[in-house]
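Report on one structure; see the data block that follows.
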Amino acid sequence: QWTKKNYKLSYSGTGANQCTEITKAYNERWGTLCTPTRTGYTFIGWYNGSTQVTDSSLATADIVVTPMWSPNSYTLTYNNNSGSGCTSQRGYYDNPWGELCTPSRPGYNFAGWYNSSGTQIDESTVCYGALSVTASWVEASTPETIYGEGNSTTNSVTITLTPSNPDTSKALSYSASSGTASCSYS
């Protein structure tokens, strides 16, 4: 009398602790395999090396299976905050969001994206779910036009600078080239 030999299917890897070992006789189907869960991921299936093992796979040897996971995708939604140019982008769980959109707003310089907690979000921020961000803006400085009196005989210009809001803690810098002069406070 011959008896069929029994084989074991053991689970290993992330999610394996949710599963119970299976024992089947030679050439029987493994039957219903465990379906583990993992936050932020979709379970794809069980693999023995590069071979997928399914409910209908036959027991022909002891095997250890490991799960294959796919990270879930999430949406990063942009609030341009009176600017324009950005709507949304996709990101994948446990991965950086990557390059973020740069919006525009006349008269302002873009100062970054911030979540509802006030934390700045950038391309290295890791995706852990859907996220809404709001653009931060800084008013662009407007250069002041300065007029002077010129002397065409000596090619010289006399300029008198009177700041509209003088602040002695700031330094005035002046530069000129090709007939154009500029001054700024820093």
Side-chain angles (χ1 to χ4, degrees), residues 1-140:
Q1 173 86 14
W2 293 95
T3 309
K4 285 186 177 182
K5 185 174 180 177
N6 288 332
Y7 292 104
K8 292 181 182 179
L9 180 145
S10 301
Y11 297 97
S12 179
T14 304
N17 61 340
Q18 302 169 35
C19 305
T20 305
E21 187 176 86
I22 298 173
T23 301
K24 292 290 181 174
Y26 174 78
N27 235 15
E28 287 184 9
R29 296 183 191 280
W30 287 115
T32 303
L33 301 179
C34 173
T35 305
T37 59
R38 180 179 177 192
T39 301
Y41 289 83
T42 299
F43 175 67
I44 302 299
W46 291 105
Y47 285 79
N48 180 18
S50 61
T51 304
Q52 186 171 15
V53 178
T54 65
D55 298 354
S56 60
S57 297
L58 301 177
T60 58
D62 289 333
I63 61 171
V64 176
V65 293
T66 55
M68 179 176 285
W69 301 97
S70 176
N72 294 337
S73 69
Y74 295 95
T75 301
L76 175 75
T77 304
Y78 295 108
N79 172 346
N80 291 290
N81 192 19
S82 299
S84 63
C86 302
T87 54
S88 66
Q89 74 180 57
R90 301 300 265 165
Y92 294 91
Y93 189 82
D94 210 23
N95 288 282
W97 281 105
E99 185 176 347
L100 303 180
C101 181
T102 302
S104 61
R105 181 178 176 190
Y108 290 83
N109 294 319
F110 177 62
W113 294 107
Y114 290 83
N115 67 15
S116 60
S117 301
T119 303
Q120 187 168 12
I121 305 301
D122 61 25
E123 69 273 353
S124 65
T125 302
V126 176
C127 169
Y128 290 115
L131 182 62
S132 293
V133 293
T134 302
S136 177
W137 301 100
V138 175
E139 191 170 3

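This structure is a prediction, so every number in the text was calculated from the model and none was measured.
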Original post:
Between the main-chain N or O of Cys34 and the side-chain N or O of Trp46, is there a donor-acceptor pair closer than 3.5 Å?
Top reply: yes

Original post:
Within the side chain of Trp137, is there an N or O that forms a donor-acceptor pair under 3.5 Å with the backbone of Asn81?
Top reply: yes

Which atom names give the shortest non-hydrogen contact between [X] and [Y], and what distance separates them?
X	Y	answer
Asn80	Pro103	OD1-CB, 3.5 Å
Leu100	Tyr78	CA-OH, 3.5 Å
Lys8	Glu21	CD-OE1, 3.2 Å
Phe110	Thr102	CD2-CG2, 4.0 Å
Arg105	Gly83	CB-CA, 3.9 Å
Cys101	Trp113	O-NE1, 2.9 Å

List in chain and number order the residues that pass side chain to side chain contact (heavy atoms under 4.5 Å, CB included) with [X], two or more places apart in sequence or in another chain; answer none if no residue qualifies.
X	value
Ala25	Lys4, Asn6, Glu28
Asn48	Val53, Ile63, Val65
Tyr93	Thr39, Tyr41, Pro71, Tyr74, Tyr128
Gln120	Tyr114

Subject >> Val126 vs Asn95, side-chain contact (heavy atoms from CB on, under 4.5 Å): CA-CA, chis, key distance, verdict >> reply: CA-CA 5 Å; Val126 176; Asn95 288 282; 5.9 Å; no

Original post:
How would you list, by chain and number, every residue that makes a ring-ring contact (aromatic ring centres under 6.0 Å, His included) with Trp97, sequence neighbours excluded?
Top reply: none

Original post:
With Tyr92, which residues qualify under ring-ring contact (aromatic ring centres under 6.0 Å, His included), at least two apart?
Top reply: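 For Tyr92 there are no ring-ring contact (aromatic ring centres under 6.0 Å, His included) partners, ignoring immediate neighbours.
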
Counterpart residues, side-chain hydrogen bond (donor to acceptor under 3.5 Å, both in side chains), relative to [X] (two or more places apart):
X	result
Ser50	none
Ser56	Thr54
Ser73	Arg90
Ser88	none

What's the separation between atom [atom1] in [X] and atom [atom2] in [Y], rounded to the nearest 0.5 Å?
X	Y	atom1	atom2	value
Asn27	Lys5	CG	NZ	14.0 Å
Arg38	Ser70	CZ	OG	10.5 Å
Thr87	Leu76	OG1	CG	10.0 Å
Trp30	Tyr7	CH2	OH	9.5 Å

Original post:
Does the pair Ser104 and Ser84 meet the rule for a side-chain contact (heavy atoms from CB on, under 4.5 Å), with working shown?
Top reply: CA-CA 6 Å; Ser104 61; Ser84 63; 3.8 Å; yes

Original post:
Would Thr77 and Leu131 count as a side-chain contact (heavy atoms from CB on, under 4.5 Å) if you check the C-alpha gap in whole Å, the side-chain angles of each, and the deciding distance to 0.1 Å?
Top reply: CA-CA 6 Å; Thr77 304; Leu131 182 62; over 6 Å; no

Subject >> Residues that Cys127 engages under disulfide (SG to SG under 2.5 Å), provided they are two or more places apart >> reply: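 With sequence neighbours excluded, Cys127 shows a disulfide (SG to SG under 2.5 Å) to no residue whatsoever.
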
**OP:** Would you kindly say whether Asp55 and Thr32 are connected by a side-chain donor-acceptor distance under 3.5 Å?
**Re:**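 Distance-only check fails for Asp55 and Thr32.
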
**OP:** May I ask you to check whether Tyr11 and Gln18 show a side-chain donor-acceptor distance below 3.5 Å?
**Re:** no

Subject >> All pairs passing ring-ring contact (aromatic ring centres under 6.0 Å, His included) where residues 51-71 contributes a residue, at least two apart >> reply: Phe43-Trp69

Subject >> side-chain contact (heavy atoms from CB on, under 4.5 Å) between Leu33 and Leu9, intermediate numbers included >> reply: CA-CA 9 Å; Leu33 301 179; Leu9 180 145; 3.9 Å; yes

